[in-house]
Amino acid sequence: MPRLDPSEPKGAIEALTTMWTIRRFEEALEDLYSRGMLHGTNHLSIGQEAVAVGACGALDEGDFITSTHRGHGHSIAHGADPELMFAELLGRDTGYCGGRGGSMHIADVGAGNLGANGIVAGSMTLSVGAALSQHLLGSSAVVLCFFGDGATNEGSFHEALNLAAVWQLPVVFVCENNQYGMSMASDLSTAGESVAARGTAYGLEGVQLDGNDLPAMFEGVANAVAAARDGHGPALLEAITYRYRGHSKSDRNLYRTQEEIEQWRTERDPIARFEARLLDEGAVDQEAIDTARQAARERIRDAVKAAVKAPEPSVDVLEEAVYASR
Amino acid sequence: MPRLDPSEPKGAIEALTTMWTIRRFEEALEDLYSRGMLHGTNHLSIGQEAVAVGACGALDEGDFITSTHRGHGHSIAHGADPELMFAELLGRDTGYCGGRGGSMHIADVGAGNLGANGIVAGSMTLSVGAALSQHLLGSSAVVLCFFGDGATNEGSFHEALNLAAVWQLPVVFVCENNQYGMSMASDLSTAGESVAARGTAYGLEGVQLDGNDLPAMFEGVANAVAAARDGHGPALLEAITYRYRGHSKSDRNLYRTQEEIEQWRTERDPIARFEARLLDEGAVDQEAIDTARQAARERIRDAVKAAVKAPEPSVDVLEEAVYASR
Amino acid sequence: MPAADTTDRIEGPVSTEVQTTTYAKAIAAAIRTAMQDDERVFMAGEDIGIYGGAFGVTDGLLEEFGEQRIRDTPISEDAIVGMAVGAAITGTRPIVEMQFSDFVVNAMDPLVNQAAKLHFMYGGNVEVPMVLRLPGGAGTGAAAQHSQSLEAWFAHVPGLKVVAPSTVQDAHDLLFAALLDPNPVVVVEHKLLYKREGELVARATPGDSPATIGDAVVLREGTDLTVASYSLNTHKALEAAEQLAAEGTEVEVVDLRTLRPLDTETVIDSVSRTGKLLVTHEAPAAVGIGAEVVAAVAGSRAFDHLLAPIVRVCGRENPIPYAPGLEEATIPQTEDLVEAMRALAAEDV
Amino acid sequence: MPAADTTDRIEGPVSTEVQTTTYAKAIAAAIRTAMQDDERVFMAGEDIGIYGGAFGVTDGLLEEFGEQRIRDTPISEDAIVGMAVGAAITGTRPIVEMQFSDFVVNAMDPLVNQAAKLHFMYGGNVEVPMVLRLPGGAGTGAAAQHSQSLEAWFAHVPGLKVVAPSTVQDAHDLLFAALLDPNPVVVVEHKLLYKREGELVARATPGDSPATIGDAVVLREGTDLTVASYSLNTHKALEAAEQLAAEGTEVEVVDLRTLRPLDTETVIDSVSRTGKLLVTHEAPAAVGIGAEVVAAVAGSRAFDHLLAPIVRVCGRENPIPYAPGLEEATIPQTEDLVEAMRALAAEDV
Ligand SMILES: Cc1ncc(C[n+]2csc(CCOP(=O)(O)OP(=O)(O)O)c2C)c(N)n1
Ligand SMILES: Cc1ncc(C[n+]2csc(CCOP(=O)(O)OP(=O)(O)O)c2C)c(N)n1
Ligand SMILES: [Mg+2]
Ligand SMILES: [Mg+2]
């Protein structure tokens, strides 16, 4: 049973709130960065919120996700606490990784978040192993594996999909096709008709989804998750979406036009579209929507406030931090 | 222009002679091994001769091949001298690699043989680079890349095909699907309908060929080579064939039945089929066929005789052998 | 529980009586015992099932444990190791057999960027209990891409542990130690050791293994010079020491056993007594394990006791050649060790 | 030919007058000059075209040489390096930029099993003239998977050459040397060096470069102790030496520049004079380049001149952490070197 049901008001508002939370979270990062409070690298998913929220909403308690370098949305959608995420990004002791990992390594294994990954396609083979162990342990948990369009040209993508397919493991592979891998347009770097079409190589019927349409994302992933849980093996989904911000701070956006960015923002923004749809359908009223936005804004504001107060980790932790001990 | 034309008698006899030469070469290796004269590992392609001879015959002078751990046939079909190959396998100074490489590394770069490779799928990405350099240097040479069915599950297969496809390079990828990767039946290790079907992922229309039918192999590869030379980019061909011998000497053949082996031998042997066909069509007479066999037998016998007499390399070569110098 | 038998294969769990068996069978016995002891343990690798593994180590395990736990894989080293990492962090205990150590080049990301770093990067919130077995080494005429000794790479990576047992008993016991360790452990196995026989007390359960990762052992005591080695070369060192004893030179042989963390104390103690050190392994000398052993000693209290330059007898700085004569010349032979030990012993003080 | 200009970018070929520029621009100038000089030279890598490379090194090259010779690739490190090997053995001269050195884990097969071994395995019948640039190192808050210094691995592989320039001039000259070398050369570049300024005499043609692979250089002469380093840490060593000079201790600083083949003679000569050696680099000490330098000295004629245990000041044995404080504590800082040098200088003899 999916933990979210965006088709009824409560679930819809929950989904909307989470999308706003993700967006506000990343806007807050931009703010912290501009104020010189944030160091290191991070990658923003603003514009892609519906993929994370729709997909993770289709999971059940006990299911797992593996994420990418652009994983803030995945973590929040899977239930991460923004305060602990901010703390991690600020390099604080209270962060998810005690400040050791930063943006690209936020994980909460206990809660089923097997982690963001700094290596493109690096978590794809891990997702297969997580699914295998669940199978061996007799659990019915499913693994949701996020990756980008650029990742589909890594050998790991190929080996992971083949292995999951021959072993018929419950992995739902969700490609966030935001059109670019850093500066490389997906169609220049990726041969073949589409990412979904690559499913053929593994006997999988790849499915394209509108990644900026929350209900569509939710439904597409929910179907794949149900099938995987029922033992029908892995699925390959391609969510068409778009990244508004540069790849990272060093990006001058020379490889695309402002018009292109503006068009996606104004015509296909996942949050605006979902709000409009809810109002259309009369599922919820403007007040409920304003409340959701407000809730997200406040949650993020409070999270930042708390996180900046957190202490920095002591150097003494390093000695014992490398190896686990029994 | 293909250097071979098996549709006319001269070319047919040449192809037949080469197939016999390959088979006799590998039978001679078995003999040398049983007499304790051959050390190390080697992998025999007995039963797969039509793939090598048909494919390499479709090339023109100046074209390149990259080969595999099971590459004796590819080398001979591409014009290698059996005597220098025996010398290499016997670890002699006169061998193609001066005894440094052995069976898995026979190469004759000057003659366009970029080498056998001990790493499964290891030469696939190299073939893409060879094709790129020909393109950059303004040459019209084509690269023929051999690999096995098991190799199609390596990430290198995926990355090589994608890169060749996005760069539209003249590489003809020929998969020798001999049904097994060591002990793993291809259909247990490889998801999807077929190797050819994996072409879809790269916008290539994969083609299956009867790898035990020499004219069919020749024609299929000749078409792909012509298209590649004309700038239409890479091709993915899947040659269906079968390995009679074990994967290597340590193989107890527990993963397949004797019946299966016998059936391929008796019903689909590439040499017997080609001979029968030539006689049927009256293209050549029995005498010509006997002469071809005889020629191959003698060539191999003389080659072994000469090779065993060759000197072993001196240890002094090692010092200077690691780095090229200008 | 079946008692120890004298058949070709060792069935685990077994009684604790001493028996003579091979290095390969001692590993197989440990795997069998571990799998009987812990449902979470499983194996994955190329041709480890019906084929029994390229070197026969897993022969018979498929029949005993079935294909759910003895998993033949596609030829996908990256996915095999990455899968193992994912399985290890979610409750199971994978043992991966890399068919030849040389193929680990295809799995360096999951091993080095994932397995070695997850526990640290995630702030200690995850453990990666996996074992990666690497059959390596030269001497079989398999040439440059099937004969490497790459352990130096792994010993350079914080987060990994590396063991390289030389004896039949250690091959058995250290595999248990590796399996019980909550961290990724690379097991370096030399192909030429598999058929080597030795005495084994097969443990009834993994917990019965006395072996600890990180402890070297003095296999032969001596007063004139110290030789440090591991894996196959430990045996060559012992043979050479035997010869020198006949000449009146007493060589102390330290078997490192673990390469990360390295037990430098045992070497330093020995050198502090003998004043002379020779390190030998099959991998090339340059930036190899031997360099670390020398550096550890040269930077230690043993420095004041050093009576002669420290000697390394390692593989030549060239890829492993195919021709028998060239291959033999590339890797250190017992005779090379005898000569080097003689020369070092003769260094007047 | 256009004369040297003072614009933001160095146009090659240029006059030989001295100018001040950055390490990154010195590399770019060398690439530009090499590509103008030799049609066979081309570049491949991720985002090296319109993006200009993750660190801006290739900025402007696409406009000048076009997409045939400045090739943006898919995210496929294995194919990028393997492609380069295939191109190198068939008549062209590839320069590959690995976006971060950490990603080379995905290309270890083409680099180690192919590029490094083909010339040897094929009996000398092929050359592999390729250059692989690896931006590495910590200090940017990029965490464990984007900050490694992996040069020790490559220096352990027969068949590879490894250079690690520290100065602007060497970054320029050694790139030419690498390009003219008929073997695969790995160029280790520390991210923090790219923006560093220094003097450059830009060469008009690759052949004008006086740099040779395999030669270390004494950047500062001293009589009290020798410090050996490379890449970024050479600068930290020079800064520390400056501070010690103020205290009356004269430190000799050797910049190794090439890590394989290592110029041990220059270090041995120096240590034979000073009697004390300290080696520093950012990578962890265990089985690192420093261990090899120590082992080379401890096994040499310099042994008899050694007055104190050899000291290594290297990266901590943990992955690179994200938090600034932890990252700083993980890599050796100038202050750590000052203290270590002081202590070593004080060792009474
Ligand atoms: C193995 C590897 N290669 C390259 C990189 C550098 N890199 C980080 S993100 C990125 C682009 C990834 O594109 P995509 O998979 O589409 O994800 P997106 O950034 O668009 O979310 C690149 C090249 C990396 N981190 N890991
Ligand atoms: C990277 C790598 N993995 C594994 C091996 C061991 N190995 C050598 S050949 C082989 C089977 C290859 O199967 P296939 O590609 O079908 O070629 P075939 O042997 O059938 O000709 C295996 C597993 C290897 N040499 N290289
Ligand atoms: Mg993308
Ligand atoms: Mg096969």
Side-chain angles (χ1 to χ4, degrees), chain A residues 64 66 88 93 95-102 104-110 112 114-119 121-137 139 141 143 145 154-156 158-164 166-167 169 313 317-318 320-326, chain C residues 39-42 44 67-69 71-94 96 106-107 109-110 112-130 157-161 180-184 213-214 260-261:
Chain A
F64 295 90
T66 65
E88 186 57 35
D93 197 35
Y96 271 108
C97 309
R100 283 171 231 162
M104 285 194 283
H105 304 299
I106 287 174
D108 188 357
V109 176
L114 299 181
N117 208 301
I119 300 300
S123 57
M124 297 191 73
T125 58
L126 272 59
S127 72
V128 178
L132 174 63
S133 67
Q134 296 319 292
H135 164 74
L136 291 175
L137 297 170
S139 142
V143 182
C145 172
E154 285 282 9
S156 303
H158 178 66
E159 296 190 12
L161 267 91
N162 183 64
L163 191 59
V166 291
W167 284 354
L169 295 171
V317 303
L318 292 176
E320 298 299 309
V322 183
Y323 294 96
S325 48
R326 283 263 169 73
Chain C
E39 276 294 323
R40 301 169 306 171
V41 177
F42 73 94
E67 55 188 21
Q68 282 299 318
R69 295 179 69 193
R71 308 185 72 92
D72 267 326
T73 65
I75 308 172
S76 310
E77 293 78 16
D78 179 22
I80 296 166
V81 176
M83 173 279 294
V85 176
I89 62 175
T90 53
T92 50
R93 299 267 177 284
V96 168
N106 284 343
D109 176 62
V112 173
N113 282 340
Q114 313 297 336
K117 296 177 171 53
L118 290 187
H119 175 74
F120 179 89
M121 280 191 319
Y122 290 1
N125 297 321
V126 68
E127 293 182 352
V128 190
M130 62 180 275
V157 178
L160 295 180
K161 292 186 178 183
L180 295 174
D181 198 284
N183 301 286
I213 293 177
R260 184 179 186 97

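Letters A, B, ... mirror the listed sequences (proteins, then strands); counts begin at 1.
- When each of A/G102, A/G98, A/G115 is checked for heavy-atom pairs under 4.5 Å with chain C, A/G115 comes out on top.
- The closest side-chain donor-acceptor pair between C/T90 and A/S133 falls under 3.5 angstrom.
- Comparing C/A44, C/G91, C/G123 by heavy-atom pairs within less than 4.5 Å of chain A, the highest count is held by C/G123.
- Only the side chain of A/H135 has a heavy atom closer than 4.5 Å to any heavy atom of chain C.
- By the salt bridge (Lys or Arg N to Asp or Glu O under 4.0 Å) test, C/R71 is found to be paired with no residue, residues two or more places apart in sequence or in another chain being considered.
- Contact count against chain C (heavy-atom pairs under 4.5 Å) is highest for A/G122 among A/S123, A/A160, A/G122, A/P313.
- Of the atoms belonging to C/L180, it is backbone heavy atoms, and not side-chain ones, that fall under 4.5 Å from chain A.
- With a 4.5 Å cut-off on non-hydrogen atoms, A/A164 does not touch chain C at all.
- For A/L114, the parts lying near chain C are the backbone and the side chain together; criterion is any non-hydrogen pair under 4.5 Å.
- In terms of heavy-atom pairs under 4.5 angstrom with chain A, the leader among C/E127, C/H119, C/R40 is C/H119.
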Would C/Q114 and C/V128 satisfy side-chain contact (heavy atoms from CB on, under 4.5 Å), going step by step from the backbone distance to the final call?
CA-CA 9 Å; C/Q114 313 297 336; C/V128 190; over 6 Å; no
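- Of the candidates A/N117, A/L161, A/I119, A/M124 forms a side chain to side chain contact (heavy atoms under 4.5 Å, CB included) with just one, namely A/L161.
- A pairwise comparison of heavy atoms in C/A116 and C/V157 identifies CB-CG1, 3.7 Å as the closest pair.
- Interface remark: of the candidates A/A321, A/A141, A/S325, A/A321 forms the most heavy-atom pairs closer than 4.5 Å to chain C.
- Residue A/V322 touches chain C through both its backbone and its side chain, counting heavy-atom pairs closer than 4.5 Å.
- With a threshold of 4.5 angstrom between heavy atoms, A/E88 does not approach chain C through any atom at all.
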Just do the side-chain contact (heavy atoms from CB on, under 4.5 Å) check on C/T73 and C/V96 with the steps written out, would you?
CA-CA 10 Å; C/T73 65; C/V96 168; over 6 Å; no
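- The parts of C/Q68 that come within reach of chain A are both its backbone and its side chain, each placing non-hydrogen atoms under 4.5 angstrom from that chain.
- Contact count against chain C (heavy-atom pairs under 4.5 Å) is highest for A/L132 among A/L163, A/L132, A/V128.
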side-chain contact (heavy atoms from CB on, under 4.5 Å) between A/D108 and C/N125, intermediate numbers included
CA-CA 7 Å; A/D108 188 357; C/N125 297 321; over 6 Å; no
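- Judged by distance alone, the side chain of A/Y323 and the main-chain N or O of C/G159 form a donor-acceptor pair under 3.5 Å.
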For a side-chain contact (heavy atoms from CB on, under 4.5 Å) check, start with the C-alpha distance between C/V112 and C/K117, then their side-chain angles and the critical distance, and finish with the verdict.
CA-CA 7 Å; C/V112 173; C/K117 296 177 171 53; 3.8 Å; yes
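- Remark: C/D78 pairs with A/S156 by the side-chain hydrogen bond (donor to acceptor under 3.5 Å, both in side chains) rule, at least two apart or across chains.
- Interface remark: C/E39 contributes no atoms to any contact with chain A (heavy atom separation under 4.5 Å).
- Heavy atoms of C/N183 lying under 4.5 Å from chain A belong exclusively to its side chain.
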